[in-house]
Number of protein chains: 2
Amino acid sequence: MTIVDNRSNGVINLGEKGVLSKDGGLLADRAYAYIRTQLADGVLGPGSRLNELEISQHLGISRGPVREAIRRLTSSGLAIYEPNAGARVVSLDIGDVAQLYEVREALEARAAGLAAHHMTDDERETLIATLDEHEARMTEASSTSYPRGGSDWDFHLLILKGARNAVIWRICGDELRDMFSLLRNQHGSSPGRGHRALQEHRWIAEAIVAGNADFASLLMAQHIRASRDNLLSAMQTNASKNNRLKSR
Amino acid sequence: MTIVDNRSNGVINLGEKGVLSKDGGLLADRAYAYIRTQLADGVLGPGSRLNELEISQHLGISRGPVREAIRRLTSSGLAIYEPNAGARVVSLDIGDVAQLYEVREALEARAAGLAAHHMTDDERETLIATLDEHEARMTEASSTSYPRGGSDWDFHLLILKGARNAVIWRICGDELRDMFSLLRNQHGSSPGRGHRALQEHRWIAEAIVAGNADFASLLMAQHIRASRDNLLSAMQTNASKNNRLKSR
DNA sequence: ATTTGAGCGATTGTCGACAATAGTCATGAG
DNA sequence: CTCATGACTATTGTCGACAATCGCTCAAAT
């Protein structure tokens with residue numbers, strides 16, 4: 001089913017040197033990137049099984065690296081794992097999402113405060129420029145939702161990066177971002193939220209540029225709470241719709 | 001050197017069913033627990049290499065599960081990993097520790113607030129009882145530092161657990177706790193910090209028992225900042241001592 | 001008709017072997 | 001004496017095979 005018939009597998013394992021992809025040469029990295037892409041593109045929905053053999057055959061590699069990639073996914077919370085039964089893509093209910101937002105709020109608020117201290121002038125300019133570009137794209141597409149392609153995260157990642165904290169970066173910029181990109185495939189945002197979000201981004205950026213850490217932190221916390229409320233209510237209606245259809 | 005001569009290895013891999021240890025039967029879990037124990041006991045100091053072959057032979061298993069355990073350690077930040085060069089136990093400098101505390105402060109403060117909401121009456125009683133016990137052990141040992149054996153974490157884990165947030169639990173209760181247990185092997189706490197810490201714990205517990213979320217959160221943030229300052233200054237003096245000795 | 005259990009297929013868990021890479025050490029040229 | 005060069009070794013990366021386990025099907029007994 002997910003097996004796209006790509007011949008040219010089989011024996012081509014390492015063509016000549018290990019330069020078979022733009023990745024770091026480690027097959028496990030390649031497998032990891034592959035699965036992550038599948039997740040981000042929605043090919044693998046919540047609850048999908050991650051079959052080691054299937055993936056390894058599809059990639060033309062052995063099960064070892066694939067297994068490692070899957071375990072990595074598991075470590076970051078993108079998959080759940082049952083011994084002797086394999087891994088499935090995590091399926092998040094409303095409670096889970098609320099917990100994720102709890103962490104995001106706490107950490108990104110802090111990150112915004114840190115960014116207000118640590119960002120270079122260049123970074124502050126980039127922050128503003130990014131928002132200008134987002135606004136341009138929004139009006140151009142005359143869309144009421146934030147421009148597609150993870151643009152919303154562009155802004156948040158800039159701040160996360162400016163916070164100069166590797167731990168926060170790993171948690172929010174890597175793991176949580178993957179989690180939320182999973183969610184984006186299932187639930188959209190309410191109409192009108194885009195403009196509001198952009199405005200909130202502007203306020204946060206202004207506070208950061210002004211070096212006002214406490215204010216930036218506060219605004220970011222509010223922004224994330226608003227985002228949470230938006231997504232949570234979308235999930236709520238989705239859930240009740242599904243309940244009506246599938247009786248479970 | 002690290003090879004303790006325990007016969008009874010060799011061929012006993014899966015004695016009869018998989019019941020060879022209290023673990024889940026997965027050899028990778030066993031390897032993970034083993035390495036973690038070595039870390040917690042200080043057998044493996046910061047910078048130590050994690051040799052797949054050595055560990056696997058010591059445990060009488062093959063490299064596969066050991067490799068998986070090491071990668072798991074890497075995912076949680078306890079080890080750093082270089083492709084084709086293996087993994088080493090992470091060595092944290094002052095900046096790293098400061099970043100860890102930053103995350104702990106943000107998340108545990110939030111956890112304290114959540115705990116004030118969600119804890120059952122039983123849990124609140126246990127919280128108080130735990131502090132009573134800590135106090136008893138401190139006066140009994142007439143020690144000025146918090147009772148050994150991770151008692152300090154007892155308190156924090158109770159709160160983390162009471163927060164009813166799996167994500168916070170995974171980050172603070174699992175990963176960060178391991179990181180800090182690594183640190184405990186290198187740096188002690190200042191004299192007198194024990195009593196002060198206990199007092200702070202009491203205040204936090206009172207706020208939680210009273211259901212005062214904001215206050216509990218604030219007190220926890222202060223408590224962790226104090227703990228950070230304590231450890232950081234210890235590291236500072238340690239570092240300068242080492243500088244004088246080793247010129248690096 | 002329900003339940004139990006034996007067999008079977010699919011998938012994961014583990015292993016040992018081999019390939020590839022990085023680091024080391026000796027050797028030799030400048 | 002220093003630096004480049006080339007084996008050599010230790011360690012990681014990958015593979016294919018086999019064992020163990022789980023879930024399912026289907027038959028048989030009550």
Side-chain angles (χ1 to χ4, degrees), chain A residues 1-3 9-21 23-35 44 47-75 79-89, chain B residues 1-3 9-21 23-35 44 47-75 79-89:
Chain A
M1 196 185 243
T2 60
I3 311 263
N9 262 344
V11 211
I12 316 196
N13 303 359
L14 334 180
E16 39 223 88
K17 198 59 185 296
V19 194
L20 65 172
S21 174
D23 296 307
L26 277 297
L27 293 187
D29 290 342
R30 210 154 66 102
Y32 182 73
Y34 169 73
I35 303 176
L44 289 171
S48 305
R49 292 214 51 189
L50 296 175
N51 188 314
E52 295 178 2
L53 190 61
E54 185 183 344
I55 297 174
S56 67
Q57 285 176 345
H58 180 62
L59 261 54
I61 63 181
S62 87
R63 276 177 51 218
V66 172
R67 186 182 175 79
E68 185 180 318
I70 292 178
R71 304 308 268 263
R72 217 183 292 176
L73 269 294
T74 306
S75 287
I80 54 178
Y81 175 75
E82 249 176 323
N84 292 315
R88 323 176 79 81
V89 179
Chain B
M1 195 189 242
T2 61
I3 310 267
N9 261 345
V11 211
I12 317 196
N13 303 0
L14 333 180
E16 40 224 88
K17 199 59 185 299
V19 194
L20 65 173
S21 173
D23 297 307
L26 278 302
L27 293 187
D29 290 341
R30 210 154 64 105
Y32 182 72
Y34 167 74
I35 302 176
L44 289 172
S48 305
R49 292 214 51 192
L50 295 175
N51 187 313
E52 296 178 0
L53 189 61
E54 184 183 343
I55 297 175
S56 67
Q57 285 175 345
H58 179 63
L59 261 54
I61 63 182
S62 86
R63 275 176 53 216
V66 172
R67 184 182 175 80
E68 185 178 318
I70 291 178
R71 303 308 268 263
R72 216 183 293 177
L73 269 295
T74 306
S75 287
I80 54 178
Y81 175 74
E82 248 176 324
N84 292 313
R88 324 175 79 79
V89 179

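Predicted, not measured: the structure shown is a model, and the values here were computed from it. Chain naming here is simple, since letters A, B, ... match the order of the sequence lines and numbering starts at 1 in each.
- Within the nucleic acid shown, A:Leu50 comes within 4.0 Å of sugar-phosphate atoms alone, with no base atom in reach, counting heavy atoms only.
- Listed candidates were C:dG13, C:dT11, D:dC15. Nearest to the side chain of A:Arg49 is C:dT11.
- Phosphate contact (OP1/OP2 of C:dG23, side-chain N/O of B:Asn84, threshold under 4.0 Å): absent.
- Smallest separation of non-hydrogen atoms from B:Val66 and B:Ala31: CA-CB, 4.1 Å.
- Atom CZ in A:Arg71 sits about 13 Å away from atom C1' in C:dT11, given to the nearest Å.
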- Query: Between B:Asp29 and B:Arg72, is a side chain to side chain contact (heavy atoms under 4.5 Å, CB included) present by the stated rule, with each step listed?
  - Reply: CA-CA 10 Å; B:Asp29 290 341; B:Arg72 216 183 293 177; 3.0 Å; yes
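- Between B:Tyr81 and D:dT11 there is no side-chain N or O to OP1 or OP2 distance below 4.0 Å.
- Across all their heavy atoms, A:Arg88 and A:Gly47 have their closest contact at NE-O, 3.4 Å.
- Rounded to whole Å, atom P of C:dT14 lies 8 Å from atom CD of B:Glu68.
- For the pair A:Ile61 CD1 and D:dC15 P, the interatomic distance rounds to 6 Å; values are reported in whole Å.
- Distance, B:Leu26 CG to D:dC22 P: 11 Å, rounded to whole Å.
- In terms of heavy atoms, B:Arg63 sits closest to B:Ser56 at CG-OG, 3.8 Å.
- Taking all atoms of both residues into account, the shortest heavy-atom contact from A:Ala79 to A:Ala87 is CB-CB, 4.4 Å.
- The interatomic distance linking A:Ile55 (CD1) with C:dT12 (C1') rounds to 13 Å, in whole Å.
- Note on A:Arg67: every side-chain N or O is 4.0 Å or more away from OP1 and OP2 of C:dT12.
- Of the listed nucleotides (C:dT12, D:dT12, D:dC15), C:dT12 has the atom at the smallest distance from the side chain of A:Arg63.
- Atom P of nucleotide D:dA17 and atom CD of A:Gln57 are separated by 12 Å, given to the nearest angstrom.
- In this structure, CG of A:Asn51 is placed 14 Å from C1' of C:dG13, rounded to the nearest angstrom.
- Across the protein-nucleic acid pair, A:Glu82 atom CD and D:dT21 atom C1' stand 13 Å apart, rounded to whole Å.
- Distance from the side chain of A:Glu52 is smallest for C:dG13 among the nucleotides C:dG13, D:dG13, D:dT14.
- At the heavy-atom level, B:Gly64 lies nowhere under 4.0 Å from the strands shown.
- Ranked by how close their nearest DNA chain D nucleotide is to the 5' end, B:Leu53 and A:Pro65 are led by B:Leu53.
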